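Written out below as structure tokens is the structure these notes cover.
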Amino acid sequence: MSTPDRDQNTANGTGFSRRDFIRGSGAAMAATAIATSTVEARADDKAAKPNVKPAEATEVTLTVNGKEHKLKLEPRVTLLDTLRTDLSLTGCKDVCDTANCGACTVHIDGKAVYACTRLAHDCEGKKITTVESLKDGDKVDPVVSCFVKHDASQCGFCTPGFVMAVRAFLNSKPKASLDEVRKGLGGNICRCGTYHGITECALEMAKGG
Amino acid sequence: MAELNVGWKPRKENEYLGKEIPRVEGNEKASGHAKFANDINTKGTLYAKLLTCKHAHARIKSIDLDAAKKVKGVKGVFDFRKFLDDPKAFEIHYDGTIIAAVVAERPEQAEDGVKAIKVEYEVLDHFVDEQDLKGATEKKRTGEVGNAKKGDVEAALKDAKHVHKGYYGIHTITHMCLEPHGSHCEWKGEDLKVHLSTQNVSGTAGQFAGSPLIGIDQANVEIVCNYIGGGFGSKFAADQWGICAAVMAKELGAPVRLMLDRATELKIAGNRPSGFGNITVACDAEGRITAWDSEHWGSGGFTDVDKPGKTIDINQFPYVFDFENRNRKATGINTNCGPERAWRAPPHPQLCALTCTALDDLAAKAGMDSLEFYRKNIDQLATKAANPDIYRAEFDIAAKLLDWKGKWHPRGEGGKGAVKKGVGLAIHRWGGAAHAATCLVKVHPDGTVESFAGSQDIGTGTRTCIGLVLAETFGIPPSMVKVNIGTNKYPQSGPSGGSTTIGGVSGPNRRAGIEALGKIFDLVAEKYSVKADTLSAGKGKIWSGGKEVCSWKDAAKLIGPTALEVQGKGPVKDGLTSLEVGGVQMVEVAVDTETGKVRIEKFVAVQDCGLIVDLLTAKSQVYGSLIMGIAYSLSEERIMDNKTGRFINADLENYKLPRIGDIGELIVEMYQPDSEYERGVIGLGEPPVIAPGAAISNAVANAIGVRVPVLPLTPQRVLDSLAKAKG
Ligand code: FES
Ligand code: FES
């Protein structure tokens, strides 16, 4: 089960692995959809060390939305927690923390990634893009406007993650078919049931709308 | 003053009402700039994590909370036993019960603190199997919660041409709000500001102020909720965890954010009760239903020690219909599971799932097309306010959209291959009357308009709809209307539940708008020497008998230097809002008889809801309902482990929700003849989520010739039913 849209590699420069957290939570198997395939890369086994204990915070520089941030973080802190807690970039949401829902989706070097599965330290030197960058004053990314046009959000809590998933999906498949949309966006969950609007939106964008 | 009709404009004159207009906060939400309670990060915010009990029933033998305080970064610990007058009497009655909260500088440090706490439990006997009436009775966990008889069921059964007896059920599901319950609490002196994830902005301040652990004047509490990440009926209260956050924020002199973790959210923050039952239904040779006899049970989780449990309310059985001869009985089971909360359209989805399936089986037994069978009985409605003609019209529209005639076949003739196709239908009803609410409308001298209300937008489009009502009333573009909701400091509004908000907010805003307009017309009349009662507003202008008098901006200038303010109130019986809707849903499914997998091919929903304010967001409510309906029909359920008493799928990995590829083709048709417009505004959020369970189950029965009696229709249940039928 894999989709080409998710980054398959997780570097482990720190020796700490998100996998350990997920294992600890008792939900380590691959993300499951009812019918579609969703995938989030797991840390590779070689580097995995069962270590979730507190450790000294060390310096790390993250490049987020084109800006550099010098932070002091423990090695175990996830990218998601860093973005939300340290940088107040709360567009990515902490919903499942187990790589199932996609609410935390950000882009790393242009690819959609679940931020809850990455450690902040592993993202040093990479280009991190969050959903907030898709709106600057009145200037909004066409994916955002298209979501609004098709009313592809209700409560809006899953929406930023979905927007980032759609953005990356269309970047890699600009002419996607209905079938590809249904498979390629299977990594995100919406409780309010906005899938109809999201499908319309993705298809319109794929048609060059 | 000009006497203006408070009714809605003639339909054709509307510039905005009933059109597809995108929601005003769309960009904020889609770009992640919208701040939910979950996102509030004011300077110095501390983070709380929870210690919960993993036993279904236990007492605490010993606990060392101080261990947490020694952990790096931990600032404080809150003991939930404090909520009892006698903390020693603290008893855990279900998995997920909160024992303590640890507050720390960083989330991961709070987690370290939780892990450091050592607890020893005395584990007690539990019961969690809500389907097992016999076991529950033996354990003295049951209580009768309703028993009523009408007519003579026995005689009617004797006289009937066809009698069907069946067993049906629907399991407990949770709300699964993606934003969990919780808040961010911050004190400034004696003033408490709570960013609360709530459906009840105007109604929760008193719960904080009045808590014995807080005890301040209600005037000192500000509740803020600009966005809420799902509630579905579960977020009306401050809750103990809300009080805890406020207490800790005060004690530590710093803001505290406490959101439930995913597992705890699912375990204790609400669920929709189950129902299982034996149903007997009968009809005459023509297919007229003559008798109903039901006995059902289920559980709304833990109720209280020595109290009978709950199950789905008996008073609306059978659902939508009522028959001359009718017996009904219900038994509640008190289980060691988290307590129920209102879940979208309580308890109609369960009532519908049990009723419309039993009726469909009777139709099959009588050898009738289900649609014909429904048509035959549609005058036997339980609710006086319900209109059979609306259902009749909706039957026709839905049948056409699905091609019912072309697709319906007798049971079990769903094709020769392993994958069988079938169609099913179900119907529902809902009230949807306006709740009590007020608002303040301001018309500024520059022509812009503002509305203030202590209401909330739970994702339905409340903000947008208020703006459209005022834009239509003053004849100005929606961009000139600013809608302010989301704090209890604004005029009191009702909680958003039960599809009461759209009527609740549109009535008062229209009334206030009309009153303000009347005052402005008087000013215009004087200034331009026209008769006030000839005036109307539209397209940014004021008109008299088809002639332009002045622009809206010129008219607004006449107000003087400060804004014109008018209060709006509701509900009022003036025709702006009303109640009672019905809907018809038809679905086609494909069932793989080898794997048991059910796939939705096409799902048609025809829905009435009176006057539609915004067609785009209205349709979204229906699309969303169908998808939530597909979830609880096919995959979603709370799974309790009988042995340990634990909720074993309390995560997004194993609590199965459909994804974008799992929903098939959805067709939403709003039933909108002029007669609906004339009824005024009626709520829409609940009704369309009711019928999917029965409609899908009926389609599966039509496809495979066998009833899969219990929802959700997981592959295993489908295979089991097929195997049982084979013998
Ligand atoms: S929070 Fe990361 S996938 Fe759900
Ligand atoms: S819009 Fe509410 S969860 Fe998707």
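Chain letters run A, B, ... following the sequence lines, proteins first, then strands; residues in each count from 1. The structure displayed is predicted, hence computed values, not measured ones.
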Are [X] and [Y] side-chain neighbours, meaning at least one heavy-atom pair lies under 4.5 Å?
{"X": "B/His175", "Y": "A/Arg191", "value": "no"}
{"X": "B/Asn38", "Y": "A/Asp94", "value": "yes"}
{"X": "A/Arg84", "Y": "B/Asp39", "value": "yes"}
{"X": "B/Pro107", "Y": "A/Thr85", "value": "yes"}
{"X": "A/Tyr195", "Y": "B/Leu666", "value": "no"}
{"X": "A/Asp97", "Y": "B/Arg262", "value": "no"}

Would the distance check show the side chain of [X] and the main-chain N or O of [Y] forming a donor-acceptor pair, the cut-off being under 3.5 Å?
{"X": "B/Asn27", "Y": "A/Val148", "answer": "no"}
{"X": "A/Gln154", "Y": "B/Ser620", "answer": "yes"}
{"X": "B/His33", "Y": "A/Glu132", "answer": "yes"}

Which answer fits [X], side chain, backbone, both or neither, if we ask what part of it has an atom under 4.5 Å from a heavy atom of chain A?
{"X": "B/Leu178", "value": "both"}
{"X": "B/Ile228", "value": "backbone"}
{"X": "B/Arg257", "value": "side chain"}
{"X": "B/Ala631", "value": "side chain"}
{"X": "B/Glu636", "value": "side chain"}
{"X": "B/Phe36", "value": "side chain"}
{"X": "B/Lys619", "value": "neither"}
{"X": "B/Gln621", "value": "both"}

For chain A, which of [options] has the most heavy-atom pairs under 4.5 Å?
{"options": "B/Gly32, B/Ser31, B/Gly624", "answer": "B/Ser31"}
{"options": "B/Gly229, B/Gly629, B/Ala34, B/Ala263", "answer": "B/Gly229"}
{"options": "B/Arg23, B/Met628, B/Met176", "answer": "B/Arg23"}

Point to revise | Atom group of A/Lys93 that falls short of 4.5 Å from chain B, counting heavy atoms | key: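 Just its side chain gets close to chain B.
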Practice item. Can you tell which part of A/Leu73 gets under 4.5 Å to a heavy atom of chain B, answering side chain, backbone, both or neither? Key: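 Contact with chain B: side chain only.
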Could you grab the distance from atom [atom1] of [X] to atom [atom2] of [Y], nearest 0.5 Å is fine?
{"X": "B/Glu25", "Y": "A/Ser153", "atom1": "CD", "atom2": "OG", "result": "7.0 Å"}
{"X": "B/Tyr623", "Y": "A/Thr199", "atom1": "OH", "atom2": "OG1", "result": "10.5 Å"}
{"X": "B/Glu20", "Y": "A/His150", "atom1": "CD", "atom2": "NE2", "result": "10.5 Å"}
{"X": "A/Cys96", "Y": "B/Asp261", "atom1": "SG", "atom2": "CG", "result": "12.5 Å"}

On a heavy-atom basis, which atom in [X] and which in [Y] lie closest, and how many Å separate them?
{"X": "A/Cys192", "Y": "B/Phe232", "result": "SG-CZ, 3.8 Å"}
{"X": "B/Lys29", "Y": "A/Cys155", "result": "CE-O, 3.3 Å"}
{"X": "A/Cys101", "Y": "B/Leu652", "result": "CB-CD1, 4.0 Å"}

Exercise for review: Decide yes or no on side-chain contact (heavy atoms from CB on, under 4.5 Å) for A/Asn188 and B/Ile660, but give the supporting numbers first.
Suggested key: CA-CA 8 Å; A/Asn188 292 58; B/Ile660 201 164; over 6 Å; no
I'd like to verify something: which residue of [options] has the highest number of heavy-atom pairs under 4.5 Å with chain B?
{"options": "A/Val144, A/Val143, A/Asp81, A/Leu178", "value": "A/Val144"}
{"options": "A/Thr194, A/Val131, A/Leu134, A/Val181", "value": "A/Val131"}
{"options": "A/Val163, A/Asp151, A/Asp179, A/Thr159", "value": "A/Asp151"}
{"options": "A/Gly156, A/Gly91, A/Ser133", "value": "A/Gly156"}

**Study point:** Pairing of A/Asp86 and B/Arg106 as salt bridge, 4.0 angstrom limit
**Key:**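 B/Arg106 and A/Asp86: salt-bridged.
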Review point. In this structure, are over 12 heavy atoms from other groups packed under 6.0 Å from A/Lys127 atom NZ?
Key: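 Atom NZ in A/Lys127 is not packed in, count stays at 12 or less.
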